[in-house]
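Heads up, the thing below is written out as structure tokens.
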Number of protein chains: 2
Amino acid sequence: MKLKEFAHQLGLSPTTVSRALSGYPEVSEKTRQRVAEEAVRLGYRPNINAVRLVTGRAGAIGAVMGRKGEFQFSEFMIGMAERLDGEDIDILVSPMAEQETRDEIQIYSRLVTSGRVDAIIVHSPRPDDERIRLLHKLGVPFLVHGRSETEVPHAWLDIDNEGAIRRATSHLLDLGHRRIAMINGGAGYTFSIHRDKGYRDALEERGIAFDPRLVVHGHFTDELGFRFARSLLEQSPRPTAFVAGSMMTALGVYRAVRSRGLVVGRDTSVIAHDDVFPYLTAENMVPSLSATRSSIRAAGARAADLVLQLLGGRPADEIHELWPVELILRESTGPAPAEARS
Amino acid sequence: MKLKEFAHQLGLSPTTVSRALSGYPEVSEKTRQRVAEEAVRLGYRPNINAVRLVTGRAGAIGAVMGRKGEFQFSEFMIGMAERLDGEDIDILVSPMAEQETRDEIQIYSRLVTSGRVDAIIVHSPRPDDERIRLLHKLGVPFLVHGRSETEVPHAWLDIDNEGAIRRATSHLLDLGHRRIAMINGGAGYTFSIHRDKGYRDALEERGIAFDPRLVVHGHFTDELGFRFARSLLEQSPRPTAFVAGSMMTALGVYRAVRSRGLVVGRDTSVIAHDDVFPYLTAENMVPSLSATRSSIRAAGARAADLVLQLLGGRPADEIHELWPVELILRESTGPAPAEARS
DNA sequence: GGTACTTGTCAAAACGATTTCAATTTAATT
DNA sequence: AATTAAATTGAAATCGTTTTGACAAGTACC
């Protein structure tokens, strides 16, 4: 059913119908009412591609999913959906295939210059991020989830990774731990760098030397957590505490600790960063997991909101949001074993 | 840069340029070459929305993400991306918000009648699924990931849930287990029903009575696994084996077993269904987890492939694919404890 | 050299909406 | 009743492509 036909059936012109449906003021309330009702009854819906062409708006927000299919991604999207519900804006996901033939920059470039999306959300930025420079050059609105030091102005929403890890580490130090290992995210990402800094600052504050062998960078998999924790626990002196970058690495650490016959929360303390997943909760782990917590779903919702503001004309360099992170202490953290205290 | 301007710069007509870029035969190789080169050099790219309007194709495949933000979803999408890489087809994700104002059917309806997508992938179907009937009525190509008994013809790709669980259960029976609990997916979904059937058939084969108290339905969360396993393990006689519907529920079961001072693989056997995630592997669990395995990422890739075939004109009722599921035995399964044997 | 057939090119007509600008109707005021 | 202002409506232009049908130039054949 096309506009022309629909309008004809109503005995109105396409113009009036279009106006009635888009809520323009110059159409009488009575007419608007009738049009709205009939549209539902006859099942008329504007062809989105015609609308897009004429308005120049794509009606979609783009998100490029990392090559590794991070498990956090869907939660973030659910959050976006919550905000976008009823807005008539789609989420266009361009996942990068494992062995992608195009490079990342090309994907962004295509997304924008072909007019597929009105705005883009950039995940896992680096301090110097080429994507940000590209999007700025292309003049498309975009929001960075995380932060970057790229010189061009850009809107961002980030959590206080540095503060979170500093507090987590400090807390462990308070408990008497001295050899604290950290499982960070992939090297080079801003959030990893911030976490590194939080960790090192906490140590420095107490005058404890930084030992690079206690830190590892990598993807958030249970395997990384297990292998790294396992190999450290075999050494002597072994670390008495771990800071894990994600729930998955924490699972790996728990396993490693157990497999050495040690007990989490007594022999080895663990704090992880928890993005709050419905399917895996820190509270429920045994022992329950102390965590720095920040809902990635809430971040998704807010991100969508900020993008809408961006599309509404709010300047990008005005949008900088840094969320504090909760530290929730549970059973996985306890005083350092006496023999390990210095 | 628009087609008209671009063509003018080349001294050609828009027609010729368009044809050259879309690979039509009636343009000389020399011209085509030149056009292609200049397009790259000048950065011309057709406005996708104009193309969509005139061709009537949306250039996107839709997927509606469940309300719960299932963690399997992103893996499936990565698989799709792998196949779609280079096809110039997007993935449009419509996640349902937690408290969605529209109902599910409306989402599908909007997606299709407004011309946002060329095809749709339906997840988690039910035996009698209204969405399938709707999509058939609307005449849009769609592929069901899973199966349904809905009377209208439809393309589907599914794994052999029934066979997988039957074999898993049979194997546990072979090991002497008699009280075998099962954590299934949400009630009402076809895959849950198939799994139930596989479970019951295996029992029946040995003449073992089905005990409904040993089965639970619900979302795949660690919490469900933990609570259910925990409460069963408190009873007497307690089950000696668990069949878990997912890796997450398996984690919960492991915890429950441990928290009762029991040992997985010795006192309590566990088999789970493993969709193969990069961030959480059955092999790495301690003890390593016996599992029925089928890569959901591979399914995503194949699904995309089948959708392309559908779009290419292959009839839907010709596309029915049932994938076998591997059963991989590891350390979490062992003989039933002697005292529990009947 | 004329006919027939390719090839390569182009002008113009879609595609289905929105929006500008002008025209009409209705209401309000004198 | 005439004039003016306000409220509705509509015709036509527009968005940036693809594609149809026509046309010219080049090649092959008799």
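Everything quoted here is computed from the prediction, not taken from an experiment. Quick note on labels: first sequence line is chain A, next is B, and so on, each numbered from 1.
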Write out a two-atom table: protein N or O, nucleotide N or O from nucleotides 4-9 of chain D, distance below 3.5 Å.
| from | atom 1 | to | atom 2 | distance (Å) |
| --- | --- | --- | --- | --- |
| D:dT9 | OP2 | A:T31 | OG1 | 3.4 |

Would you tabulate the pairs of protein nitrogen or oxygen atoms and nucleotide nitrogen or oxygen atoms of nucleotides 25-27 of chain D closer than 3.5 angstrom?
none

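Under the 6.0 Å cut-off for aromatic ring centres, A:F73 and A:H123 qualify, their centroids lying closer than that. The distance between the ring centers of B:F76 and B:H145 falls below 6.0 angstrom. Ring centers of A:F71 and B:F71: at least 6.0 Å apart, outside the cut-off.
In terms of position along DNA chain C, the nucleotide closest to B:G11 lies nearer the 5' end than the nucleotide closest to the other residue of the pair B:G11 and A:P14.
Nucleotide C:dT9 holds its C1' atom 13 Å from the CZ atom of B:R34, rounded to whole Å. What separates CG of A:D88 from P of C:dA17 is a distance of 14 Å, to the nearest Å. In this structure, B:H8 atom NE2 and D:dG16 atom C1' are separated by 17 Å, rounded to whole Å. In this structure, A:K2 atom NZ and C:dA17 atom P are separated by 8 Å, rounded to whole Å. In this structure, CG of A:L21 is placed 11 Å from C1' of C:dA17, rounded to the nearest angstrom. To the nearest angstrom, C1' of D:dG10 lies 15 Å from CG of A:L10. Put simply, NZ on A:K30 is 15 Å from P on C:dT25, counting in whole angstrom units. The interatomic distance linking B:R57 (CZ) with D:dT17 (P) rounds to 16 Å, in whole Å.
Rounding to the nearest 0.5 angstrom, the gap separating the CD1 atom in A:I107 from the CE atom in A:M65 is 12.5 Å.
Within the structure, salt bridge (charged side-chain N to carboxylate O under 4.0 Å, His left out) contacts touching residues 134-148 of chain B (residues at least two apart or in different chains) are B:R147-B:D158. Under the salt bridge (charged side-chain N to carboxylate O under 4.0 Å, His left out) criterion, the residue pairs touching residues 306-317 of chain A are A:R314-A:E318, with sequence neighbours excluded.
By the neighbour-count criterion of 12 heavy atoms within 6.0 Å, atom CZ of B:R57 is sparsely surrounded, having that number or fewer from other residues, nucleotides or ligands. Residue-environment remark: CZ (A:R133) exceeds the threshold of 12 foreign heavy atoms within 6.0 Å. Heavy-atom contacts from other residues, nucleotides or ligands closer than 6.0 Å to CD of A:E87 number more than 12.
Using a 4.0 Å cut-off on heavy atoms, the residues of residues 41-54 of chain A that approach DNA chain D are A:L53, A:V54, listed by number.
A:L138 pairs in a side-chain contact (heavy atoms from CB on, under 4.5 Å) with only one of the listed residues (A:I120, A:L111, A:V112), which is A:V112.
Evaluation of the side-chain contact (heavy atoms from CB on, under 4.5 Å) rule for B:S148 yields B:P125, B:D129, B:I132, B:T150, B:H154 as partners, not counting sequence neighbours.
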